[in-house]
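These notes are about the structure you will find just below.
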Amino acid sequence: MRHFIFFPPEASEYARHIDWIYFGLIGISVIIVGLVVVLMVSFGIRYRRGSPAVRGRLPEWVSRDVEIGWTVGTLFAFVFIFWFAAATFITTIGATPNALEIHVVGKQWMWKIEHPNGVREINELHVPVNVPVRLVMISQDVIHSFFLPALRIKQDVLPGRYTSESFTADKTGIYNLFCAEYCGTDHARMGGRIDIMTKPDYQKWLDAQPGAHNLAEKGRQLFARLGCAGCHFEKGHTRAPDLAGVYGSYVRLADGRTVRADEAYLRDSILQPARDIVAGYQPIMPSFKGTVSEDQIFDLVAFIKSYSGSGEVIK
Ligand code: CUA
């Protein structure tokens, strides 16, 4: 669809679909409202009091065939619209394998962004074109909302819980980034830009950034510094569960439930260790609430995700 004035550009397949739905629904509404107005006015004139218009029963084919026809027709039209909209929306949820995972921390009043190799930026998001990207987001204080108009995606960023949004941009360029949830004095300034780059440009940009460490490596160092290794890397694992390969696995808990060890589970286990005790263990782990920041939790989770049990054990 063409790019309208006063309308943000479309930088993904998804954005084009959303616009089709948006303009499609408006178009249908305009046609129906127009039809109703025309019929109202013309019937008002035609059947005015004293006019010679015929007022008897309608012919059989009108009251049956036409009735059935438009009911079935509109039903199919709207089921089609529902299918198209639902199928479009589903592409933004759920994990795409091999997606580039970028972490976003919202705080009053800025966006802190971290790339898989540890490169950080503020109020700017550099991404490669034609690569599926998954943003994993959390807030350090109040509710914010990460809004990328050119990609037609907007997702609340909550304190205490990860949310995510996925997209695959297919047009390079620099587009707006906004906070779309009123979050205090400088809410209106809490924005920036997304820079969609070609793959080689993105790589060049990444290489030119200072502080590129492997996220998992940073997490590993933090893990050692916080003393986690004392229990989690102990031989025999009598005090704490083995973390090798835990990410993505199913964990049996002391209360009989089985949960999947995803990012949210790992985060909860660091901050509220007494909540989901793994079967066979005592609730002896202290909470790290207030000790580690949301950025550091991302690092720790990255380390746990990458840890397979091989390599040297850190103390
Ligand atoms: Cu953050 Cu509005």
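This is a predicted model, so every value here is computed, not measured. Reckoned from all heavy atoms, side chains included, excluding hydrogens, waters and symmetry mates. For this chain, numbers begin at 1 and follow the sequence in order.
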### Query
Mind checking whether Y202 and V131 have side chains closer than 4.5 Å, heavy atoms only?
no
### Message
Looking at every non-hydrogen atom in both residues, tell me the closest pair between V129 and K171 and how far apart they are.
### Response
CG2-N, 3.6 Å
### F84 atom CZ, over 12 foreign heavy atoms within 6.0 Å
yes
### Task
Any chance you could measure E124, atom CD, to R193, atom CZ, to the nearest 0.5 Å?
4.0 Å
### Query
Is I31 reachable from V38 through a run of hydrophobic residues whose side-chain heavy atoms are each under 4.5 Å from the next?
no
### Query
What's the spacing between D295 CG and K107 NZ if we round to 0.5 Å?
9.0 Å
### R57 atom CZ, over 12 foreign heavy atoms within 6.0 Å
no
### Query
Between D170 and N130, is there a donor-acceptor pair closer than 3.5 Å when you use the side chain of the first and the backbone of the second?
no
### Task
Could you list the residues that satisfy side chain to side chain contact (heavy atoms under 4.5 Å, CB included) with I18, not counting sequence neighbours?
Y14, T88, R152
### Task
Look at the side-chain heavy atoms of Ile, Leu, Val, Met, Phe, Trp and Tyr, link any pair under 4.5 Å apart, and say whether F178 and M137 land in one connected group.
no
### Summary
Nearest heavy-atom approach of E101 to P116 is O-CG, 3.3 Å
### Summary
In short, I194 meets L177 closest at the heavy-atom pair N-CB, 4.4 Å
### Worked check of side chain to side chain donor-acceptor pair (under 3.5 Å) between D156 and S145
CA-CA 4 Å; D156 276 6; S145 184; 3.2 Å; yes
### Value rounded to 0.5 Å, distance of CG in D299 from CD in E114
5.0 Å
### Message
Surrounding CG of D207 (heavy atoms of other residues, nucleotides or ligands, distance under 6.0 Å), is the total greater than 12?
### Response
yes
### Query
Out of curiosity, L253 CG to D276 CG, how far, rounded to the nearest 0.5 Å?
5.0 Å
#### Entry: Check against side chain to side chain donor-acceptor pair (under 3.5 Å), H144 and Q108
CA-CA 9 Å; H144 303 275; Q108 287 167 321; 5.9 Å; no
### Message
Quick one, I143 and P159 - any side-chain contact, counting heavy atoms below 4.5 Å?
### Response
yes
#### Entry: Short N-O contact, K154 and E165, less than 4.0 angstrom
no
### Query
According to the interplanar angle, ranging from 0 to 90°, do the rings of W83 and F80 count as parallel (below 30°), tilted (30 to 60°) or perpendicular (above 60°)?
tilted
### Query
Which class fits the ring pair F223 and H232: parallel under 30°, tilted 30 to 60°, perpendicular over 60°?
tilted
### Query
Between the side chain of W111 and the main-chain N/O of F146, is any donor-acceptor distance below 3.5 Å?
no
### Query
Is any side-chain heavy atom of P132 less than 4.5 Å from a side-chain heavy atom of N98?
no
### Task
Answer with yes or no whether the hydrophobic clustering places I277 together with M285; edges join I, L, V, M, F, W, Y residues whose side-chain heavy atoms lie under 4.5 Å apart.
no
### Query
Between Y175 and P8, is any pair of side-chain heavy atoms under 4.5 Å apart?
no
### Close side-chain approach of D262 and Y162, heavy atoms under 4.5 Å
no
### Message
Determine whether a donor-acceptor pair (N or O, by modelled atom type, separation under 3.5 Å) exists between the side chain of S51 and the backbone of R46.
### Response
yes
### Query
What distance do T74 atom OG1 and I28 atom CD1 have between them, rounded to the nearest 0.5 Å?
10.5 Å
### Evaluation steps, side-chain contact (heavy atoms from CB on, under 4.5 Å), between K218 and F303
CA-CA 8 Å; K218 278 205 305 198; F303 164 64; over 6 Å; no
### Task
Without swapping roles, check the side chain of Q296 against the backbone of S293 for a donor-acceptor pair under 3.5 Å.
yes
#### Entry: Candidate pair E13 and R16, rule salt bridge (Lys or Arg N to Asp or Glu O under 4.0 Å), full reasoning
CA-CA 5 Å; E13 181 74 17; R16 277 183 290 279; 3.6 Å; yes
#### Entry: Atom of R267, atom of R161 and distance for their closest heavy-atom approach
NH1-N, 4.2 Å
### Query
Is L125 close to L135 at the side-chain level, that is, under 4.5 Å between some pair of heavy atoms?
yes
### Task
Give, for atom CD of E294 and atom CD1 of I138, the distance between the pair rounded to the nearest 0.5 Å.
3.5 Å
#### Entry: Side-chain heavy-atom pair W109, T185 within 4.5 angstrom cut-off
yes
### Query
Going only through I, L, V, M, F, W and Y residues with side-chain contacts under 4.5 Å, is there a path from V104 to V133?
yes
### Query
Can you check whether F298 reaches V136 side chain to side chain, under 4.5 Å on heavy atoms?
yes
### Query
Looking at A150 and A15, what are the two nearest heavy atoms and their distance?
O-CB, 3.5 Å
### Task
Would you name the heavy atoms of A169 and L151 that are closest together and state the gap between them?
CB-CD2, 4.0 Å
#### Entry: Donor-acceptor contact below 3.5 Å, side chain S287 vs main chain L271
yes
### Query
Is it true that L100 and I153 fall in one hydrophobic cluster, defined by side-chain heavy atoms closer than 4.5 Å?
yes
